[in-house]
Amino acid sequence: MENRKGLVTHAALSFSVCVLYGLLLLTPLNGYVYTTLLKIALFLAVPFIFAKKKHTNVKGYLGTVKSKKMMALSFAVGAGVIIIILTGYFLLRQFFDDQMILGSLKNEGITKSNFPAVFLNIIFVNAFFEEFFFRGFVFRGGLKIGTKQYAYLFSAVLFALYHVTMIMNWFTLPIFFLCMAGLFAGGLIFNYVTDKCGSIFGSYIIHAAANLAINAIGLYIFMK
């Protein structure tokens, strides 16, 4: 009964964080600085509160690297992800609305002048906190109180849904659903790497590589 209650609390808190963040992106307060600060606050506060309630150490969400081979593989997969994303964009760019993407970025306060700082933040800060939350708290935390199926599927679904309000105006509907499927698949891959690596740092490497490729596309669009 206690495990079931903890599982419900874990799922509700995880889902609520994503809903709150998504709703913020739909308000006039969707500036990049505000959303980044709120994201960090939520992604840190909720895991800490849950860990304290369960009398566990929050460091457990980070994990400890137990496979150097998997860490090395993470770098190779990251390089492959960069190639796939960049190739995919240039092959399918007729389906992308670059002006709509630019407009969406500008609405968040992202401009050509501050893009270098945003570029670095997304790779080193944003990717880390997303991994801490989705792979640390949601996935690794879910493994401790639920089944492996729950941890894998719930984390991957939530990771995809978390991106809905960010990208829903960027693409045509078919490409949007393709991106959502890709995010879900990416979430499963990140979970697998985290599971086999023993920590979130393997998936962070791949996530940072993906963000690097996406940022490169953003830079290309800005410079066109």
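Only a predicted model underlies this, so the values are computations on that prediction, with no experimental measurement involved. Each residue takes its place number in the sequence, starting with 1.
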Could you check if a side-chain atom of [X] sits within less than 4.5 angstrom of a side-chain atom of [Y], using non-hydrogen atoms only?
X: F184; Y: L153; result: yes
X: H10; Y: Y150; result: yes
X: M70; Y: L73; result: yes
X: C179; Y: I175; result: yes
X: M71; Y: C197; result: yes

Indicate whether the side chain of [X] and that of [Y] have a donor and an acceptor atom separated by less than 3.5 Å.
X: S199; Y: T64; answer: no
X: N121; Y: Y32; answer: yes
X: Y162; Y: K39; answer: yes

Given the rule that I, L, V, M, F, W and Y join up when any side-chain heavy atoms are under 4.5 Å apart, are [X] and [Y] in one cluster?
X: L44; Y: Y34; result: no
X: I205; Y: V125; result: yes
X: L92; Y: Y89; result: yes
X: L38; Y: I122; result: yes
X: M166; Y: V19; result: yes

Could you measure the distance from the [atom1] atom of [X] to the [atom2] atom of [Y]? Nearest 0.5 Å is fine.
X: I206; Y: T194; atom1: CD1; atom2: OG1; value: 8.0 Å
X: L212; Y: F124; atom1: CG; atom2: CZ; value: 8.5 Å
X: N191; Y: K196; atom1: CG; atom2: NZ; value: 12.5 Å
X: I217; Y: F222; atom1: CD1; atom2: CZ; value: 13.5 Å
X: L42; Y: L20; atom1: CG; atom2: CG; value: 6.0 Å
X: H207; Y: I123; atom1: NE2; atom2: CD1; value: 10.5 Å

Tell me if a side-chain donor or acceptor on [X] pairs with a main-chain N or O of [Y] at a distance below 3.5 Å.
X: S203; Y: I200; answer: yes
X: T87; Y: I84; answer: no
X: T27; Y: L24; answer: yes

Query - Worked check of side chain to side chain contact (heavy atoms under 4.5 Å, CB included) between E130 and N126 - result: CA-CA 6 Å; E130 287 185 0; N126 188 71; 3.1 Å; yes
To check you understand the geometry: which heavy-atom pair defines the closest contact between [X] and [Y], and what is its length?
X: G22; Y: T165; value: CA-OG1, 3.5 Å
X: L158; Y: C18; value: CG-SG, 3.6 Å
X: A156; Y: G187; value: CB-C, 4.0 Å
X: A151; Y: S155; value: O-CB, 3.1 Å
X: Y61; Y: G141; value: CE2-CA, 4.0 Å

According to the interplanar angle, ranging from 0 to 90°, do the rings of [X] and [Y] count as parallel (below 30°), tilted (30 to 60°) or perpendicular (above 60°)?
X: F133; Y: F43; value: parallel
X: F48; Y: F132; value: tilted
X: Y204; Y: F128; value: perpendicular
X: H163; Y: F159; value: perpendicular
X: F90; Y: Y220; value: perpendicular

Query raised in the report: Do D195 and R140 meet the salt-bridge criterion of a basic N to acidic O distance under 4.0 Å?
Result: no
Requested in this report: Assess whether side chain to side chain contact (heavy atoms under 4.5 Å, CB included) is satisfied between Y21 and V17, documenting all intermediate values.
Outcome: CA-CA 6 Å; Y21 183 74; V17 166; 5.5 Å; no
Requested in this report: Assert yes or no for the condition that the ring centre distance of F134 to F139 is strictly below 6.0 Å.
Outcome: no
Query - Heavy atoms of other groups near Y192 OH, more than 12 under 6.0 Å - result: no
Query raised in the report: Taking it one step at a time, do F176 and V164 satisfy side chain to side chain contact (heavy atoms under 4.5 Å, CB included)?
Result: CA-CA 9 Å; F176 169 77; V164 168; 4.2 Å; yes
Requested in this report: Show your reasoning for whether side chain to side chain contact (heavy atoms under 4.5 Å, CB included) applies to Y152 and V157.
Outcome: CA-CA 9 Å; Y152 266 89; V157 168; over 6 Å; no
